Protein chains: 2
Amino acid sequence: MTVNRRCIIRLSRYKNALVRLKNLGFVKVFSDNLADAAGVNSAQVRKDFSIFGLTGNKRGGYRVDELLEELNRILGKDRVQEAVIAGVGNIGAALLQYNGFEKEGIKIRAGFEIDPSKFRERPGVSVLSLEKMGGYIRSNGIEIGIIAVPDFAAQQVLEIMVNSGIRGVLNFAPIRLRSSSSCIINSVNLVAELENVIYFTRIADKNFEDNESQNT
Amino acid sequence: MTVNRRCIIRLSRYKNALVRLKNLGFVKVFSDNLADAAGVNSAQVRKDFSIFGLTGNKRGGYRVDELLEELNRILGKDRVQEAVIAGVGNIGAALLQYNGFEKEGIKIRAGFEIDPSKFRERPGVSVLSLEKMGGYIRSNGIEIGIIAVPDFAAQQVLEIMVNSGIRGVLNFAPIRLRSSSSCIINSVNLVAELENVIYFTRIADKNFEDNESQNT
DNA sequence: GCCGTTTTGTAACTTTTTTCACAAAAAAAA
DNA sequence: TTTTTTTTGTGAAAAAAGTTACAAAACGGC
Ligand SMILES: NC(=O)c1ccc[n+]([C@@H]2O[C@H](COP(=O)([O-])OP(=O)(O)OC[C@H]3O[C@@H](n4cnc5c(N)ncnc54)[C@H](O)[C@@H]3O)[C@@H](O)[C@H]2O)c1
Ligand SMILES: NC(=O)c1ccc[n+]([C@@H]2O[C@H](COP(=O)([O-])OP(=O)(O)OC[C@H]3O[C@@H](n4cnc5c(N)ncnc54)[C@H](O)[C@@H]3O)[C@@H](O)[C@H]2O)c1
């Protein structure tokens, strides 16, 4: 009944499924279809919706476009969400270059580095000195940060972010970050995800539930 | 009491914490310390260990090196785990280049592409034509695959992998993949992870539990 | 060798999450 | 119009996950 991480991840999945259904020309959808697309039970879908007051029609299911609009609103897509990245190495650069964020209403405004060879000032997405990060976040009112620096630098980067106004962080460094409660932190540890695959592959047991992303 | 995804993710975290403790010269560790490093309760740590028969000493805690060795064994680090990647775009290239896998006993042996401009044959990690993937997997006995292709290509790539002997997959495409029970699939959806951060940032409510990677 | 302290290992309990199951509404068929 | 079918919305039940709490073991000091 409460909204938790997994619930929101499921909403993202429902949303993705709805976008595809819409592109295929579907007008209505049943909880069954969404359940199937998201890999859950249909009662779960209806229950998730009931938390947010999303209702359908007895027998008629849900209208794809209405539902999609509501999910988008819940997921914060009613306005562009701006973010910055610290660390423009392998992962950071991959995220900066990814063009899929744009159509999800997520805009990465700038990257920040300590390695000057990675700097590049230009329209669109600049990569600037880490020293400029705090000021940039503050003057642009950015609330979302992505941490893609080596583990030993992550906590320090987080602190700069939080002190400058960042309220939510997606972290790729394989370390537990500590922050004040004013900032929520979601960490994605890709090595752990692979270790997970390896473990369940080895025991070849189907005790496995899909990660919820995913993500988690 | 059962081994689930989150439990294995926690083991990865304990392992990471132990590596750091070992490097700092620690010889013993208490469930409390690991709990703190992993962001969980100390009873959770002991319970996780009890599932795998990992025991410590009443009062003395756990020996760091023994525990680390056992966790490494459980997580499949007793031998090098080989993997292949399909799709060497932003994410695929970031993973191929990442040198942190090596010291975790994970070796990405090759990448596979449909875009010839991405091909590069050379010692170490080659990027080859997708057409060669099945044969490569088979002849090298690879069991782990990483999918980093666009969503519309992911299911098809998965099928080639599974038919060639892949038993576990880490998927980055934001779509639900379907496979026979012989292959486990763990999907990481980075957009959903960001949407999660955005959601919980907006409601500014601390109903939030950290992703289990964090996965998870 | 005894006593107080610390920390494990786990049984019992609590909380959270998921699934079941069914009345009620709506559409379609008769 | 009445009946049948379908699908929602939600309590109640079940299952899963996490926490509490404490006996038992082990260490250190005396
Ligand atoms: N690339 C992967 O596939 C992968 C996989 C698993 C985990 N990770 C984790 O993701 C993080 C980034 O990995 P990567 O492969 O991109 O590493 P990378 O070394 O390629 O990039 C890190 C970048 O951060 C920069 N940097 C270092 N300290 C900084 C600081 N204080 N402020 C700003 N920038 C700083 C470096 O100059 C570098 O460009 C690491 O914590 C790594 O463990 C990456
Ligand atoms: N890069 C990111 O930050 C990011 C974020 C979220 C999700 N994703 C997801 O990860 C996946 C990869 O993203 P990306 O940014 O690396 O995309 P990309 O377009 O940079 O790379 C995809 C690569 O796959 C190759 N490809 C296409 N079809 C193929 C096939 N059938 N077999 C082999 N290779 C094929 C393309 O040639 C391309 O090089 C996508 O599904 C994307 O939605 C990426």
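Predicted, not measured: the structure shown is a model, and the values here were computed from it. Chain letters run A, B, ... following the sequence lines, proteins first and then strands; every chain starts at 1.
- If you check D/dT7, C/dT18, C/dT10 against the side chain of A/Q44, the one that comes closest is C/dT18.
- The shortest distance between the side-chain N/O atoms of B/N4 and the OP1/OP2 oxygens of D/dA17 is below 4.0 Å.
- The nucleotide C/dA21 finds its pairing partner in D/dT10, both defining distances of the Watson-Crick or G-U wobble pair being shorter than 3.5 Å.
- Residue contacts for A/F49: at a heavy-atom cut-off of 4.0 Å it reaches no nucleic acid atom on any strand shown.
- Of the candidate nucleotides C/dT18, D/dT8, C/dT19, C/dT18 has the atom lying nearest to any side-chain atom of A/R10.
- Residue-level contact check: A/S42 touches neither bases nor backbone, having no heavy atom under 4.0 Å from any strand.
- For B/R6, taking side-chain heavy atoms from C-beta onward, the closest of the listed nucleotides D/dA26, D/dT10, D/dA17 is D/dA17.
- Between D/dT20 and B/N41, a contact under 4.0 Å exists linking OP1 or OP2 to a side-chain N or O.
- Between A/T2 and C/dT17 there is a side-chain polar atom (N or O) within less than 4.0 angstrom of OP1 or OP2.
- Distance check: B/F172 CZ to A/Y98 OH gives 12.0 Å after rounding to the nearest 0.5 Å.
- Comparing D/dT7, C/dT6, D/dA17 by their closest approach to the side chain of A/R59 singles out D/dT7.
- Listed candidates were C/dT10, C/dA21, C/dA25. Nearest to the side chain of A/A43 is C/dA21.
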